[in-house]
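Worksheet for the structure shown next.
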Amino acid sequence: MTKGILIRRFVDDSRIFIDMPDSPDNPCIACGACCAHFRVSFYCGELTGGSGGFVPEHLTSKLNNVMACMKGTEAGNGRCIALVGELGQRGIGCSIYPDRPTPCREFAAWQKDGTPDPDCQRLRARIGLPALPPLPANDLVFEDHAMAGR
Ligand code: SF4
(Lines give C-alpha, C1' and ligand atoms only; values in the text may rest on other atoms or scores of the structure.)
Protein backbone atom coordinates (compact mmCIF):
# COMPACT_ATOMS: atom_id res chain seq x y z
CA MET A 1 0.00 0.00 0.00
CA THR A 2 1.52 3.30 -0.99
CA LYS A 3 1.40 6.36 1.22
CA GLY A 4 -1.01 9.21 0.80
CA ILE A 5 -4.38 7.65 0.01
CA LEU A 6 -6.52 10.63 -0.89
CA ILE A 7 -10.06 10.35 0.44
CA ARG A 8 -12.50 13.15 -0.27
CA ARG A 9 -14.97 13.94 2.52
CA PHE A 10 -18.05 16.00 1.79
CA VAL A 11 -19.68 17.48 4.85
CA ASP A 12 -23.36 18.43 4.89
CA ASP A 13 -25.53 19.04 7.95
CA SER A 14 -22.93 17.26 10.12
CA ARG A 15 -23.12 14.19 7.88
CA ILE A 16 -19.93 12.97 6.24
CA PHE A 17 -19.94 11.56 2.73
CA ILE A 18 -16.87 9.66 1.55
CA ASP A 19 -15.43 9.46 -1.95
CA MET A 20 -12.76 6.81 -2.23
CA PRO A 21 -10.06 7.35 -4.87
CA ASP A 22 -10.13 5.60 -8.23
CA SER A 23 -6.62 4.26 -7.80
CA PRO A 24 -4.85 0.98 -6.95
CA ASP A 25 -4.49 2.25 -3.36
CA ASN A 26 -8.22 1.90 -2.90
CA PRO A 27 -8.99 -1.61 -1.58
CA CYS A 28 -12.68 -1.23 -2.52
CA ILE A 29 -11.94 -1.61 -6.24
CA ALA A 30 -11.09 -5.28 -5.65
CA CYS A 31 -13.68 -6.05 -2.98
CA GLY A 32 -17.42 -5.20 -3.16
CA ALA A 33 -18.26 -7.17 -0.01
CA CYS A 34 -20.33 -4.42 1.63
CA CYS A 35 -22.43 -3.99 -1.53
CA ALA A 36 -23.37 -7.67 -1.32
CA HIS A 37 -24.21 -7.78 2.37
CA PHE A 38 -26.13 -4.85 3.84
CA ARG A 39 -29.69 -3.86 3.12
CA VAL A 40 -29.04 -0.53 1.42
CA SER A 41 -32.06 1.50 2.51
CA PHE A 42 -32.52 5.26 2.35
CA TYR A 43 -35.08 8.06 2.30
CA CYS A 44 -37.13 7.96 -0.89
CA GLY A 45 -36.48 11.68 -1.45
CA GLU A 46 -33.12 10.54 -2.90
CA LEU A 47 -34.92 8.80 -5.79
CA THR A 48 -35.28 10.15 -9.31
CA GLY A 49 -38.81 10.48 -10.54
CA GLY A 50 -40.25 13.66 -9.19
CA SER A 51 -38.76 14.29 -5.78
CA GLY A 52 -35.56 15.87 -7.08
CA GLY A 53 -33.37 12.95 -6.13
CA PHE A 54 -30.58 11.22 -8.03
CA VAL A 55 -30.69 7.46 -7.27
CA PRO A 56 -32.20 5.75 -10.36
CA GLU A 57 -35.64 4.69 -9.20
CA HIS A 58 -35.80 1.64 -11.48
CA LEU A 59 -32.88 0.12 -9.56
CA THR A 60 -34.71 0.33 -6.23
CA SER A 61 -37.53 -1.32 -4.32
CA LYS A 62 -40.09 0.51 -2.25
CA LEU A 63 -39.97 -0.48 1.42
CA ASN A 64 -42.75 1.79 2.66
CA ASN A 65 -44.04 5.30 2.03
CA VAL A 66 -40.80 6.96 3.07
CA MET A 67 -38.01 4.42 2.53
CA ALA A 68 -36.58 2.62 -0.49
CA CYS A 69 -33.67 0.24 -0.90
CA MET A 70 -31.39 -0.89 -3.70
CA LYS A 71 -32.80 -3.91 -5.54
CA GLY A 72 -31.16 -7.12 -4.49
CA THR A 73 -30.45 -5.94 -0.95
CA GLU A 74 -34.02 -6.08 0.39
CA ALA A 75 -33.47 -9.00 2.76
CA GLY A 76 -29.78 -8.46 3.49
CA ASN A 77 -27.00 -10.76 2.29
CA GLY A 78 -27.98 -9.97 -1.28
CA ARG A 79 -26.01 -8.33 -4.04
CA CYS A 80 -26.96 -4.80 -5.05
CA ILE A 81 -28.23 -4.57 -8.61
CA ALA A 82 -25.82 -1.70 -9.29
CA LEU A 83 -22.72 -3.71 -8.40
CA VAL A 84 -20.79 -4.83 -11.49
CA GLY A 85 -17.91 -7.28 -11.54
CA GLU A 86 -16.84 -10.24 -9.49
CA LEU A 87 -16.68 -10.04 -5.70
CA GLY A 88 -13.11 -9.81 -4.47
CA GLN A 89 -11.70 -9.26 -7.95
CA ARG A 90 -10.09 -6.13 -9.35
CA GLY A 91 -12.50 -4.13 -11.46
CA ILE A 92 -15.59 -4.59 -9.34
CA GLY A 93 -17.48 -1.36 -8.85
CA CYS A 94 -20.66 0.59 -8.52
CA SER A 95 -22.33 1.38 -11.84
CA ILE A 96 -24.05 4.42 -10.33
CA TYR A 97 -21.20 5.69 -8.13
CA PRO A 98 -21.92 9.44 -8.61
CA ASP A 99 -25.60 8.76 -7.94
CA ARG A 100 -25.34 6.19 -5.15
CA PRO A 101 -27.56 6.66 -2.09
CA THR A 102 -26.52 8.08 1.26
CA PRO A 103 -25.61 4.85 3.12
CA CYS A 104 -23.07 4.05 0.41
CA ARG A 105 -21.55 7.52 0.77
CA GLU A 106 -21.22 7.21 4.52
CA PHE A 107 -19.41 3.88 4.66
CA ALA A 108 -15.61 4.11 4.75
CA ALA A 109 -12.97 1.39 4.82
CA TRP A 110 -10.84 3.40 7.24
CA GLN A 111 -11.70 5.80 10.00
CA LYS A 112 -10.01 9.16 10.08
CA ASP A 113 -7.45 7.91 12.63
CA GLY A 114 -6.39 5.14 10.23
CA THR A 115 -8.26 2.34 12.02
CA PRO A 116 -9.98 -0.06 9.61
CA ASP A 117 -13.74 -0.17 9.91
CA PRO A 118 -14.65 -3.37 11.83
CA ASP A 119 -17.62 -4.18 9.56
CA CYS A 120 -15.39 -3.80 6.52
CA GLN A 121 -12.87 -6.20 8.06
CA ARG A 122 -15.57 -8.76 8.86
CA LEU A 123 -17.10 -8.63 5.38
CA ARG A 124 -13.73 -8.82 3.62
CA ALA A 125 -12.98 -11.99 5.60
CA ARG A 126 -16.31 -13.50 4.50
CA ILE A 127 -15.26 -13.34 0.85
CA GLY A 128 -11.75 -14.53 1.59
CA LEU A 129 -9.91 -11.22 1.45
CA PRO A 130 -7.16 -10.33 3.94
CA ALA A 131 -7.82 -7.77 6.66
CA LEU A 132 -6.93 -4.20 5.84
CA PRO A 133 -3.93 -2.96 7.81
CA PRO A 134 -4.34 -0.06 10.17
CA LEU A 135 -2.69 2.93 8.56
CA PRO A 136 -0.81 5.73 10.24
CA ALA A 137 -3.26 8.61 10.16
CA ASN A 138 -0.86 10.59 7.97
CA ASP A 139 -1.02 7.87 5.28
CA LEU A 140 -4.64 8.86 4.76
CA VAL A 141 -5.08 12.27 3.23
CA PHE A 142 -8.57 13.50 3.91
CA GLU A 143 -9.58 16.33 1.63
CA ASP A 144 -12.57 18.08 3.16
CA HIS A 145 -15.15 19.78 0.98
CA ALA A 146 -18.28 21.66 1.78
CA MET A 147 -21.25 19.90 0.23
CA ALA A 148 -22.10 21.32 -3.18
CA GLY A 149 -24.99 19.53 -4.79
CA ARG A 150 -24.19 16.02 -3.60
S1 SF4 B 1 -25.47 1.59 -5.00
FE2 SF4 B 1 -23.34 1.21 -5.55
S3 SF4 B 1 -22.14 1.64 -3.68
FE4 SF4 B 1 -24.32 1.36 -3.08
S5 SF4 B 1 -24.53 -0.83 -2.53
FE6 SF4 B 1 -25.08 -0.61 -4.70
S7 SF4 B 1 -23.18 -1.04 -5.83
FE8 SF4 B 1 -22.61 -0.59 -3.69
Side-chain angles (χ1 to χ4, degrees), residues 1 5-112 114-132 135 140-150:
M1 192 73 62
I5 299 177
L6 177 64
I7 298 175
R8 297 194 304 161
R9 298 179 351 133
F10 294 84
V11 181
D12 181 42
D13 294 338
S14 304
R15 295 178 302 165
I16 307 270
F17 297 150
I18 301 291
D19 255 353
M20 292 291 283
D22 187 15
S23 75
D25 295 329
N26 175 3
C28 307
I29 62 173
C31 180
C34 58
C35 306
H37 176 73
F38 294 114
R39 182 174 83 166
V40 183
S41 57
F42 52 93
Y43 174 54
C44 60
E46 295 186 14
L47 295 172
T48 56
S51 49
F54 44 87
V55 182
E57 187 172 18
H58 68 283
L59 300 179
T60 67
S61 298
K62 182 176 177 175
L63 291 175
N64 55 41
N65 285 340
V66 290
M67 298 294 287
C69 75
M70 294 305 297
K71 276 185 181 167
T73 74
E74 292 87 344
N77 281 317
R79 181 181 165 121
C80 174
I81 190 173
L83 185 63
V84 289
E86 204 172 322
L87 279 183
Q89 299 296 315
R90 190 156 291 280
I92 195 164
C94 173
S95 61
I96 58 164
Y97 194 74
D99 296 322
R100 68 203 188 284
T102 290
C104 313
R105 296 167 187 273
E106 292 178 330
F107 194 70
W110 283 286
Q111 312 301 311
K112 199 166 183 181
T115 307
D117 179 275
D119 283 332
C120 173
Q121 299 288 63
R122 178 172 59 86
L123 297 177
R124 284 176 63 85
R126 283 180 55 165
I127 63 167
L129 292 179
L132 294 179
L135 293 178
L140 293 171
V141 181
F142 283 93
E143 189 182 82
D144 286 337
H145 299 260
M147 191 78 164
R150 60 178 192 276

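Since this is a predicted model, take the numbers as computed values, not measurements. We count ligands from 1, going down the list as the structure has it; atoms in each ligand are counted the same way.
Not one N/O/S atom of Cys35, from backbone or side chain, sits under 2.8 Å from atom 4 (Fe) of ligand 1.
In this structure, atom 2 (Fe) of ligand 1 lies nearest to the protein heavy atom Cys94 SG, 2.3 Å. If you check which protein heavy atom lies closest to atom 6 (Fe) of ligand 1, you get Cys80 SG, 2.4 Å. Of the protein's heavy atoms, Cys104 SG, 2.3 Å lies nearest to atom 4 (Fe) of ligand 1.
Atom numbering of ligand 1 starts at 1 in the shown order; those under 4.0 Å from a heavy atom of Leu83 are 7 (S). Shown in contact with Val40 at under 4.0 Å from a heavy atom are these atoms of ligand 1, numbered in order with element: 5 (S).
Counting heavy atoms from C-beta on, the side chains of Cys28 and Phe107 never come closer than 4.5 Å.
Within 6.0 Å of the OH atom in Tyr43, the count of heavy atoms belonging to other residues, nucleotides or ligands does not exceed 12.
The SG atom of Cys31 sits 9.5 Å away from the CG atom of Asn26 when rounded to the nearest 0.5 Å.
Comment: Arg100 engages Asp19 in a salt bridge, judged by a side-chain N to carboxylate O separation of less than 4.0 angstrom.
Judged by distance alone, with hydrogens and angles left aside, the side-chain atoms of Thr73 form a donor-acceptor pair with the main-chain N or O of Val40 at under 3.5 Å.
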